[in-house]
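Reminder, nothing fancy here: chain letters follow the sequence lines and each chain counts from 1.
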Amino acid sequence: MAEKTPIMMSQEERSVTYSQIKPVVVIVGPTAIGKSRIAIHVAKAWGTEILTADSTQVYRGMDIGTDKPTAADHAEVPHRLINIVDPDQPFNAGEFRRLAVQEIERLHRNGLLPIVVGGTGLYVRALLSGLWPGPPVDWTLRRKLEAEVAAGGMEGMFAELQQVDPESANRLHPHDRVKVLRALEVYRQTGLPLSKAHRQHGFQEQPFQALVLGLTMERSALYRRIEDRVEVELAKGLVDETRRLLGEGYSRQSVPMKSLGYRQMAGYIEGEYPFDEAVRRLKRDTRHFAKRQMTWFRKEPNLVWIEVAPHESPDVGAQRVSLHIDQFMSGLHLSRVSVRPMLSRVPQAQSGSQVGA
RNA sequence: GCCGAGGUAGCUCAGUUGGCAGAGCACAGCCCUGAAAAGGCUGGUGUCGACAGUUCGAUUCUGUCCCUCGGCA
């Protein structure tokens, strides 16, 4: 009631302030926890846009299996960094970072608070802490290395890595072919041990002032939500979508077609196992994935956990998120530039008294 | 009631010619610098249906009982 109305800076003033301070809000969490829905509420309240940090939603034509925001979602709040390449075009964390930084700068220039939402831990880390400046995967070389593995097995490859980059070999398990080959590939390309490059980089960049919020939920409830979501995707036509993508010539071996949903349905479509088995595998693999995401996010520095109750409505979670954002912004002395066009009032215990502390 | 098969990890089962049991799935923990919804690592004490017998020792052999499934009545 006696609400201290946010002193509305002009858009120009906000633009200058944001571009200097570079605030970013990041919402992470395991798949199916309800990030997207919550984020839409939050982004609406702040009158801003959503930047998606999701390694599968970048692919055009892969909609159901990636749980991509719908046209209706997009109409409510603009979503960026989705649908940017075809499934046979290479994409990676570095590319994501480049594009995300552009989007963030654009929003800052327009005086808007960027809200990054996603479950791809590496993308988030790359965005907030940078990547070492070396080359991305060289697929020609990678295929050559794969051929060497096919011919001589992983043992030889690992032995080579022990020669050229003992530190990486020491860190990596000999069976971890993706990472072993990456390290070898970097050495062959640049003559530098990847371990050294990583050590020098050390994720020390800090391009933004970031608030990282991690959504979490009681494990068994999350697993139930995952299974429900798989059923929903099947009902929406995941099998047909997979069949269509295969028909368009996207190989089962390609990176995006190996992702959750498509991989399992492709096996069914090509007759390797019955439908029920495909569903079982998809649910299982998605549960495992969610677990890995949690492991990753637990390590994310300065992450603040927010517990989400299994059946609460997204705007309730969004209110809790908004509280943290309010505190974060006032900590940056930015509370007065908060644009809250539609005030679904959030209980605001401390921020009023603590501004400027 | 009779005949047959079986009762071993949360589930499906393997196994021990008698020496305190094991795979897959499930589940848990973890690693990660351009494929990351990818890739990789680690974790198994469970009255081996119950009771009794034989034996230095039984989950493994014998007997009785209980339960499940199938067939016959």
Expressed as a whole number of Å, how far does the C1' atom of B:C66 sit from that of B:A50?
7 Å
Sorted by chain and number, sequence neighbours left out, salt bridge (Lys or Arg N to Asp or Glu O under 4.0 Å) with A:Arg225 holds for none
Please check the phosphate of B:A28 (OP1 and OP2 only) for any side-chain N or O of A:Lys291 closer than 4.0 Å.
no
Could you check whether A:Glu146 gets within reach of a base, just the sugar-phosphate, or nothing at all, counting any heavy atom under 4.0 Å?
base
I'd like to know if A:Asp54 reaches the base of B:A37 with its side chain, counting only an N/O donor and acceptor under 3.5 Å.
yes
Pick the P atom in B:U64 and in B:G4, then give their distance to the nearest Å.
13 Å
SB check A:Arg229 A:Glu233 (cutoff 4.0 Å)
yes
Should A:Glu148 and A:Lys144 count as an ion pair when the cut-off is N to O under 4.0 Å?
no
Say we look at B:G10 and B:G44: how far apart would their C1' atoms be, to the nearest angstrom?
12 Å
Please name all residues satisfying side-chain hydrogen bond (donor to acceptor under 3.5 Å, both in side chains) with A:Asp73, sequence neighbours left out, ordered by chain then number.
A:Arg37, A:Thr70
Tell me every residue that passes salt bridge (Lys or Arg N to Asp or Glu O under 4.0 Å) with A:Glu300, counting only those two or more places apart in sequence or in another chain.
A:Arg125
Please state the P separation for the pair B:G15 and B:C51 - nearest whole angstrom.
25 Å
With P as the reference atom in both, quote the distance from B:G24 to B:G19 in angstrom, rounded to an integer.
24 Å
OP1, OP2 of B:A37 versus side-chain N and O of A:Tyr262: anything below 4.0 Å?
no
Strictly below 4.0 Å, heavy-atom distances to any atom of RNA chain B: list the hits from residues 125-136 of chain A, or just say none.
A:Leu131, A:Trp132, A:Gly134, A:Pro136
Regarding B:G15, purine or pyrimidine glycosidic angle vs 90° from 0 gives anti
Under the ring pair (Phe, Tyr, Trp, His ring centres under 6.0 Å) rule, what pairs show up with a residue in residues 299-327 of chain A, not counting sequence neighbours?
none
Considering just the side-chain nitrogens and oxygens of A:Arg281, establish if one lies under 4.0 Å of OP1 or OP2 belonging to B:A37.
no
Contact class for A:Thr56 (heavy atom, under 4.0 Å): base, sugar-phosphate, or nothing?
base
Can you sort out the partners of A:Tyr273 under ring pair (Phe, Tyr, Trp, His ring centres under 6.0 Å), two or more places apart, ordered by chain and number?
none
Distance, rounded to the nearest Å, where A:Arg287 contributes CZ and B:A37 contributes C1'
15 Å
Which of residues 165-180 of chain A sit near RNA chain B, with a heavy atom under 4.0 Å from it?
A:Arg171, A:His173, A:His175, A:Asp176, A:Arg177, A:Val178, A:Lys179
Which pairs count as salt bridge (charged side-chain N to carboxylate O under 4.0 Å, His left out) when at least one residue sits in residues 246-255 of chain A, sequence neighbours excluded?
A:Arg244-A:Glu248, A:Arg252-A:Glu270, A:Arg252-A:Glu272
Return a table of donor-acceptor pairs under 3.5 angstrom between the side chains of residues 151-164 of chain A and protein atoms on other chains or two or more places apart.
{"from": "A:Glu160", "atom 1": "OE1", "to": "A:Arg188", "atom 2": "NH2", "distance (Å)": "3.0"}
{"from": "A:Glu160", "atom 1": "OE2", "to": "A:Arg188", "atom 2": "NE", "distance (Å)": "3.2"}
{"from": "A:Glu160", "atom 1": "OE2", "to": "A:Arg188", "atom 2": "NH2", "distance (Å)": "3.2"}

Are there runs of at least three consecutive Watson-Crick or G-U pairs touching RNA chain B, with each pair's two distances under 3.5 angstrom? Give them by first number.
B:1-7 with B:66-72, B:10-13 with B:22-25, B:27-31 with B:39-43, B:49-53 with B:61-65
What donor-acceptor contacts under 3.5 angstrom involve side-chain atoms of residues 203-213 of chain A, with partners at least two apart or in another chain?
{"from": "A:Gln204", "atom 1": "NE2", "to": "A:Gly202", "atom 2": "O", "distance (Å)": "2.8"}
{"from": "A:Glu205", "atom 1": "OE1", "to": "A:Arg97", "atom 2": "NH2", "distance (Å)": "2.8"}

By ring pair (Phe, Tyr, Trp, His ring centres under 6.0 Å) - contacts of A:His288 (at least two apart):
none
Is there a donor N/O on one and an acceptor N/O on the other, under 3.5 Å, for the side chain of A:Ser259 and the base of B:A37?
no
